[in-house]
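Just below is one structure, and these are the notes that go with it.
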There are 2 protein chains.
Amino acid sequence: MRPEGRSMRESILAAAVHLFAQYGYHAAPLRDIARMAGIQAASIYHHYPNKQALLIEIMETYMVRLNASLEHVLKEYDDPLQRLHEAIANHIRMHTTYKEEFFIIDTEMRALEDEHKAQIISLRDKYEALLQELLQDGMERGVFRQCDVKVASYAIIAMCTEVATWFRPDGRLSVQQVITSYRQFIAEGLLTTSGITHMPDERAHLL
Amino acid sequence: MRPEGRSMRESILAAAVHLFAQYGYHAAPLRDIARMAGIQAASIYHHYPNKQALLIEIMETYMVRLNASLEHVLKEYDDPLQRLHEAIANHIRMHTTYKEEFFIIDTEMRALEDEHKAQIISLRDKYEALLQELLQDGMERGVFRQCDVKVASYAIIAMCTEVATWFRPDGRLSVQQVITSYRQFIAEGLLTTSGITHMPDERAHLL
DNA sequence: GTCTATATCGGGATAGAC
DNA sequence: GTCTATCCCGATATAGAC
């Protein structure tokens, strides 16, 4: 990084985050990013070589951060169910806390030029591999049922990522309540597990 | 719809679907859509008033179709678990069959101008409401565990939608296998349900 | 480090001939 | 119904002063 000018660099990036998330990469004019950062469009080029560099910096920074947080969870815990619980909580917390940044990661892959796309995709693959490792280990230890770990990892990531699109900090549910819901849903599913299964007779009259 | 010209209208829309999905709405030039349809850019305006109209037609057509298919499932079946199974299968089949169209619906909401955004969102809300109705009914009949039906519906939709991003018809798993995996995952979750829970002793040496 | 001025390009959309 | 020609605008990016 450059020795000075740190603060304006960050202001520009923060503005880019807002506008890329709100309008999309291609629909967000550099002029608007500059205005939000309090400078002229041309001045951005003193801090970043071009518009694409803003996108890359956002995506890389937060994918690296996400991977580090999951690696921390895997290092910290050993029990498969606890690991899964912590991974779910971590994923949801990261995605709701850095809502705009991860939204950009999830929707602007197409906007990446080829050279850097591979780098970002490899970071995403890394994250998936870490989660799959967790699931595989839990399966081998008999905690999780036999299932396709790739498919399971995709399902978990998709549902936990999407939380950020509807979650509101001042809404009906707290983050912790949402995390608890998702943990139970992922671990146990929707069906009633009690011995009283379906009460088919009671339902028969509704047919 | 117009009396004639049906075929070129459809060619243009098909080209728009491809290019919007591949590059995004803003990054897909009308000239490229025209070339793919075999005409000049200006000729598109004989069939559609502007670029935005292409996006609206794609989104509306397939959201209406998706809602109709779920309504059909709810009408056809009564048992909550069977309804859920059919809804999952329907969602995954629709999203893998019309992969590009639903990808556009999921990623280009931002590109909609305000007047039409409300209409598309109401169609999406309708779909969520239908699924929530299914879940609520199943909960009241004791088939599904007590849970937040809104949260559950979001989770199910997110995970089943995302299948389309990685599923390949010539890949390792068939659509039917994927559907079966998701049904089980959603209904029963990841945990081993058998009496043999975790075998804690066997795992102890790994600590 | 930020500015003004400007180059250059490509986009959506329109006019009017055929 | 499709064409050619063109308008007009806004985009990224550059040059060079301060």
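In this text the structure is predicted, and so the values were computed from the model without any measurement. The chains referred to below are lettered A, B, ... by the order of the sequence lines, with proteins before strands, and numbering in each begins at 1.
Ring to ring, H91(A) and Y127(A) are close: their centroids are under 6.0 angstrom apart.
Whole-Å rounding puts the I44(B) CD1 to dT14(C) C1' distance at 14 Å. The CG-C1' distance, from D32(A) to dG10(D), rounds to 11 Å in whole Å.
Using a 4.0 Å heavy-atom cutoff across all strands shown, A41(B) reaches no nucleic acid atom at all. Residue contacts shown for A27(A) are absent, as no nucleic acid heavy atom lies under 4.0 Å away. Across all strands shown, A34(A) has no heavy atoms under 4.0 Å from either base or sugar-phosphate atoms.
Out of dC3(D), dC3(C), dA13(D), the shortest distance to the side chain of Q40(A) is found at dC3(C). Among dA15(D), dA13(D), dT14(C), the nucleotide with an atom closest to any side-chain atom of A42(A) is dA15(D).
Judged by atom type and distance alone, R31(B) reaches the base of dG12(C) through a side-chain donor-acceptor pair under 3.5 Å.
In this model, the phosphate group of dG1(D) is not approached by any side-chain N or O of S43(B) to a distance below 4.0 Å at OP1 or OP2.
Salt bridge present: R145(B) and E188(A) bring a charged side-chain N and a carboxylate O closer than 4.0 Å. Ion pairing between a basic and an acidic side chain is recognised when a charged N comes within 4.0 Å of a carboxylate O; R83(B) and E133(B) show no such pairing.
In this structure, F102(B) and Y62(B) have perpendicular ring planes: the angle between them is above 60°, well past the 30° mark.
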